[in-house]
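I have placed the structure first, in the form of structure tokens, so that the comments after it can refer back to it.
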Amino acid sequence: MDYNFQEIEKKWQQRWRERKTYRVVEDKNKKKFYVLNMFPYPSGAGLHVGHPLGYIASDIYARYKRQKGYNVLNPMGYDAYGLPAEQYAIQTGQHPEKTTFQNIDRYREQLDKIGFCFDWDREVRTCTPDYYHWTQWAFQKMYNSFFCLKSQKAHPIEELIKHLNAHGTEGLEVAQTEQLDLTATQWQQMSEKEQSDVLMNYRLAFLGETMVNWCPKLGTVLANDEVVDGVSIRGGYPVEQKKMRQWCLRVSAYAQRLLDGLDTIDWSDSIKETQRNWIGRSEGAEVNFKIADSNEEFTIFTTRADTMFGVTFMVLAPESELVEKVTTTEQKDEVEKYLTYVKGRTERERQIDHKVTGVFSGSYAINPFTGEKNPIWISEYVLAGYGTGAIMAVPAHDSRDYAFAKHFGLPIVPLIEGADVSEESYDAKEGIVCNSPAAGKEPYCDLVLNGLTVKEAIQATKMYVKEHSLGRVKVNYRLRDAIFSRQRYWGEPFPVYYKNGIPKMVPEECLPVELPEVENFLPTETGEPPLGNAQIWAWDETQHKIVDKALIDEKTVFPLELYTMPGFAGSSAYYLRYMDPHNDKALVSKEADEYWQNVDLYVGGSEHATGHLIYSRYWNKFLFDYGYSCKEEPFQKLINQGMIQGRSNFVYRIKDSNTFVSNGLKDKYETTPIHVDVNIVNNDLLDLEAFKAWRPEYNDAEFVLEDGKYICGWAIEKMSKSMFNVVNPDYIVERYGADTLRLYEMFLGPINQSKPWDSNGIDGCFRFLRKVWGLFYSRDGQLLVSNSEPSKESLKSINKLIQKVSQDIENFSYNTAISAFMICVGELAQQKCSAKAVLEPLVELLAPFAPHLCEELWEVLGHQTTVCDSPWPEVDEQHLKEDTETLSISFNGKTRFTLDFAPDASKEDIEKAALEAEATARYTEGKQIVKVIVVPHRIVNIVLK
RNA sequence: GCGCUUGUGGCGAAAUUGGUAGACGCGCCAGACUUAGGAUCUGGUGACUCAGGUCGUGUAGGUUCGAGUCCUAUCAGGCGCACCA
């Protein structure tokens with residue numbers, strides 16, 4: 001009887017559905033294990049063969065853990081808000097919800113065919129009101145919170161208001177946009193609007209002025225990658241830098257905790273390192289410089305406090321508020337000209353070509369260490385968003401300052417002994433400091449750094465700055481606050497309305513604020529976001545409901561926010577929602593949260609390292625501060641699955657003909673390579689009939705064959721429709737079965753490595769499953785399983801397998817585990833093993849990899865229960881022992897002869913035997929044995945003298 | 001430029017962490033069974049070779065009785081960040 005995978009898989013998928021085999025409920029008597037995949041965005045193209053890679057890997061682990069006796073949560077859902085659905089809506093007028101739900105159905109259908117053990121009762125979709133209720137709720141919580149630097153956690157904003165009422169900003173140690181200086185009286189006398197603005201400076205979700213790529217023609221903000229050479233990719237309209245009022249999240253407040261948390265989680269070094277770089281902690285000092293002939297002063301940030309004596313000029317970012325203050329009347333025209341130039345450059349342009357540009361402001365700053373007057377320049381190489389937007393320039397020891405000084409002819413003063421700065425700056429933080437202060441000059445302050453190492457000098461200067469109140473020691477982070485609003489339709493609406501221009505939160509009990517219907521998904525003519533098209537989109541404060549915009553009277557009915565939330569809003573806490581997906585009272589109940597804790601194993605792509613994986617850690621830390629999540633880190637262990645690339649096939653058309661030449665002969669002709677659909681190619685062999693039928697123009701194609709075959713060329717490219725290299729999992733499932741697909745995807749190589757999809761090897765996995773089937777049924781359909789006593793060899797084979805597979809699963813080394821299966825099954829087949837005592841553990845071991853087949857075989861073995869609940873087999877060491885061990889005896893690296901020993905032979909026994917053998921064989925050539933080294937792997941090495 | 005990462009047969013890859021390099025699979029070769037094979041089974045398959053061996057893990061050194069594995073330098077590919085003071 002043949003292995004009828006189609007029948008088996010259909011049967012078991014149906015049974016799993018009917019019996020709710022994979023439903024999971026909290027069970028205090030069982031240890032929990034939470035496995036999670038990054039949930040997919042349901043695109044119109046459906047799943048290709050690369051998508052399930054991570055799902056299969058985690059599914060195997062989930063099934064394994066379940067067999068190990070854990071209560072395993074393995075949920076799945078959809079990240080359903082996003083741009084493609086909206087774009088499609090704009091083009092076709094179809095509501096994005098409709099297309100999104102259609103795509104979800106298709107995804108589900110495809111996923112079901114692969115036999116995952118997801119608990120579908122816990123499915124979430126980020127675009128449904130019962131889900132985004134809690135996205136809005138969390139946003140409001142953040143709005144109503146500030147971050148205390150002393151306790152390093154979020155606190156309710158009421159505490160801050162209390163403080164402001166009592167002390168003003170005095171003694172406030174909180175995360176803030178800018179340093180404010182208010183007395184309690186000043187605060188109390190402020191209008192409601194002014195107070196609201198002040199609080200925005202502290203809230204964790206706040207309205208802030210940020211620089212964005214604004215495209216006036218498109219009426220929207222564009223992301224950096226949507227802009228090339230100063231124009232929008234779509235339409236080619238000019239893009240300018242603009243300050244806009246946007247919702248932001250104060251992610252930067254959590255910078256230190258995000259950094260520290262990395263030490264407590266089990267992620268790959270590379271992804272941790274990426275996050276560390278992204279957070280970009282740098283220790284330094286802020287130093288105040290007075291502006292000459294003025295009462296103003298400003299602050300710069302430096303990590304090189306040791307170079308204070310080498311400052312020859314100062315530089316401000318063009319966007320800095322100081323620019324106006326320091327620009328003198330004589331320089332006004334020049335400066336304005338420069339600012340216009342800078343404004344015309346996009347952030348991207350500034351990033352790509354680092355032109356040395358700048359303008360002198362006309363003012364000077366007084367160096368607090370030398371008393372010298374340093375000219376203040378304005379240049380785009382200083383970034384407004386980092387530090388204070390102002391720097392002190394030390395051209396001798398910073399390459400950017402050096403380039404600037406050379407270009408504008410500014411002095412360069414070296415500060416490190418032996419540093420040659422005639423050609424380039426000396427940036428290394430090494431060496432002995434000199435010229436600090438310079439010899440022969442009247443000292444301006446009593447700090448002397450000469451003779452110290454750079455590190456000592458930095459420390460000494462920091463101390464000096466602190467003691468003399470010239471500034472302060474400061475840690476800066478590169479991590480920026482996240483811009484949280486988008487001018488789009490298909491996203492979570494903000495539960496916010498504007499009462500006389502002051503943002504107000506829709507009361508918590510009225511959540512969720514549901515996304516309104518609109519007829520047009522484009523921005524309005526007046527430049528409002530798409531939600532401006534919504535008619536029923538105003539908040540009635542007295543009736544507590546959303547009403548028609550026509551009723552806005554600014555007394556009881558107010559306009560609602562028109563922005564929506566960005567993509568990462570919905571994906572930042574979904575792992576908590578899976579724990580308790582139907583709860584309409586809370587994001588997650590305390591019981592569920594305490595049972596499931598956090599995700600034990602998270603599987604997904606590394607491309608989210610600086611996006612989702614930062615935001616959700618931030619989000620979870622925030623919820624943790626209030627006790628809504630009991631674990632500070634959401635994802636304990638992270639596995640990054642590699643990307644599956646496409647393997648394209650080519651045919652070669654001879655110029656000006658409809659004749660195609662096989663790959664090996666193509667050099668004899670003048671040909672053009674043409675992508676050919678990989679689905680009509682097998683092992684690089686073109687199916688000629690299918691090719692003729694593929695496209696009308698190939699109906700009468702002719703071929704130049706080699707050995708009677710047409711061999712296609714190939715190349716590794718991105719998997720995409722236009723390259724005709726998309727392989728649909730449905731097709732593989734239909735042809736080989738889901739179990740073969742699962743096995744093969746894992747057999748392809750290590751999961752964390754990117755690799756091309758290559759259907760060529762799939763037959764091997766299919767053959768293997770057939771061999772497994774062949775252990776149970778003979779060709780003519782006879783059941784082979786017996787209760788006979790297993791042979792010693794079979795017991796050894798199976799125990800070796802148990803050991804190997806258990807280890808490999810724990811290490812996510814599935815490809816080698818599958819190799820081990822192949823070896824073992826080969827051995828069992830050769831041994832003609834039919835003993836139940838051996839076949840049973842084999843099925844149990846294979847069940848996570850090939851669940852359909854194993855359920856069937858489990859039933860064949862006479863079991864009523866699902867194989868998922870069968871316990872994971874344990875190794876019986878006794879069967880692994882070798883009777884004798886063959887040791888190769890080598891002299892100085894060369895194998896001379898082999899000897900057999902009992903496995904427990906001592907080193908001395910071996911040495912003695914080796915000596916005897918040596919005496920007989922005279923291999924030592926008159927030399928003396930000085931050392932016998934017994935090492936693993938059955939090798940004895942003898943050192944001669 | 002900086003950070004991370006990977007280099008092993010015709011191909012995907014193993015290598016018990018310093019111990020017989022290339023397990024396992026694909027492909028290829030030979031044979032068996034077949035009317036036939038894109039089916040199945042068996043065997044072979046790193047390269048050179050005077051058939052004794054010699055050389056082989058990107059390249060060049062080093063440590064070691066012994067190196068794919070450790071150290072130094074260097075080259076190449078992939079990913080990420082990029083004027084972060």
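By convention in this document, chain letters (A, B, ...) are assigned in the order of the sequence lines, proteins followed by strands, and residues within each chain are numbered from 1. Keep in mind that what you see is a predicted model, and the values were worked out from it rather than measured.
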Phosphate oxygens OP1/OP2 of G80(B): is one of them under 4.0 Å from a side-chain N or O of Thr610(A)?
no
Spacing of the C1' atoms in G37(B) and A32(B) (rounded, Å)
15 Å
Applying side chain to side chain donor-acceptor pair (under 3.5 Å), name anything that partners Asn640(A), two or more places apart in sequence or on another chain.
none
Expressed as a whole number of angstroms, how long is the span from Asn277(A):CG to G3(B):C1'?
5 Å
Tell me, please, which residues at least two apart from Phe650(A) pass ring-ring contact (aromatic ring centres under 6.0 Å, His included).
His675(A)
Closest to the Ile823(A) side chain: G3(B), C24(B), A85(B)?
C24(B)
So how far is it from Met308(A) CE to Asp306(A) CG, rounded to the nearest 0.5 Å?
10.0 Å
What are the two closest non-hydrogen atoms of Thr357(A) and Ser379(A), and how far apart are they?
O-OG, 2.7 Å
How about Phe408(A) and Phe313(A): are their ring centres within less than 6.0 Å of each other?
no
Just to verify, what does Tyr402(A) make a ring-ring contact (aromatic ring centres under 6.0 Å, His included) with, not counting sequence neighbours?
none
What is the separation between atom NZ on Lys272(A) and atom P on C79(B), rounded to the nearest whole Å?
24 Å
Partners of Phe812(A) by ring-ring contact (aromatic ring centres under 6.0 Å, His included), sequence neighbours excluded?
Tyr61(A)
Specify the separation, in whole Å, of atom CD of Glu424(A) and atom P of G1(B).
13 Å
Could you tell me the separation between the CD atom of Glu283(A) and the P atom of A85(B), rounded to a whole number of Å?
12 Å
Distance between C1' atoms of G18(B) and C71(B) (Å, rounded):
13 Å
Name all residues meeting the side chain to side chain donor-acceptor pair (under 3.5 Å) criterion together with Asn815(A); count only those two or more places apart in sequence or in a different chain, and write none if there are none.
none
Indicate, with a heavy-atom threshold strictly under 4.0 Å, whether Asp687(A) touches base, sugar-phosphate, or nothing.
base
Each nucleotide N or O in nucleotides 8-13 of chain B that has a protein N or O under 3.5 Å away: list the pair and distance.
{"from": "G12(B)", "atom 1": "O2'", "to": "Leu748(A)", "atom 2": "O", "distance (Å)": "2.4"}
{"from": "A13(B)", "atom 1": "OP1", "to": "Gln753(A)", "atom 2": "NE2", "distance (Å)": "3.2"}
{"from": "A13(B)", "atom 1": "O3'", "to": "Asn815(A)", "atom 2": "ND2", "distance (Å)": "3.4"}

Show every side-chain hydrogen bond (donor to acceptor under 3.5 Å, both in side chains) that has at least one partner inside residues 742-754 of chain A, sequence neighbours left out.
Asp59(A)-Arg742(A)
Hits for salt bridge (Lys or Arg N to Asp or Glu O under 4.0 Å) against Asp263(A), two or more places apart or cross-chain, chain-then-number order -> Arg276(A)
Restricting to nitrogen or oxygen on both sides, can you table the protein-nucleotides 40-43 of chain B pairs closer than 3.5 Å?
{"from": "U40(B)", "atom 1": "OP1", "to": "Arg767(A)", "atom 2": "NE", "distance (Å)": "3.4"}
{"from": "U40(B)", "atom 1": "OP1", "to": "Arg770(A)", "atom 2": "NH2", "distance (Å)": "2.6"}
{"from": "U40(B)", "atom 1": "O2'", "to": "Arg779(A)", "atom 2": "NH2", "distance (Å)": "2.6"}

Looking at residues at least two apart in the chain, or sitting in another chain, which of them share a side chain to side chain donor-acceptor pair (under 3.5 Å) with Gln275(A)?
Arg617(A)
Dot-bracket encoding per residue of RNA chain B, Watson-Crick/G-U cut-off under 3.5 Å, | denoting interstrand
(((((((..(((......[....)))((((((.......))))))(((....)))..(((((..]....))))))))))))....
Gap between atoms CZ and P, on Phe404(A) and A85(B) respectively (whole Å)
18 Å
Can you sort out the partners of Ser425(A) under side chain to side chain donor-acceptor pair (under 3.5 Å), two or more places apart, ordered by chain and number?
Asp427(A)
Counting just side-chain N and O atoms, does Tyr386(A) come under 4.0 Å of either OP1 or OP2 of A85(B)?
yes
Comparing Ser270(A) and Thr303(A) on RNA chain B - which has the more 5′ nearest nucleotide
Ser270(A)
Using atom CD of Glu607(A) as one end and atom P of G80(B) as the other, report the distance to the nearest whole Å.
9 Å
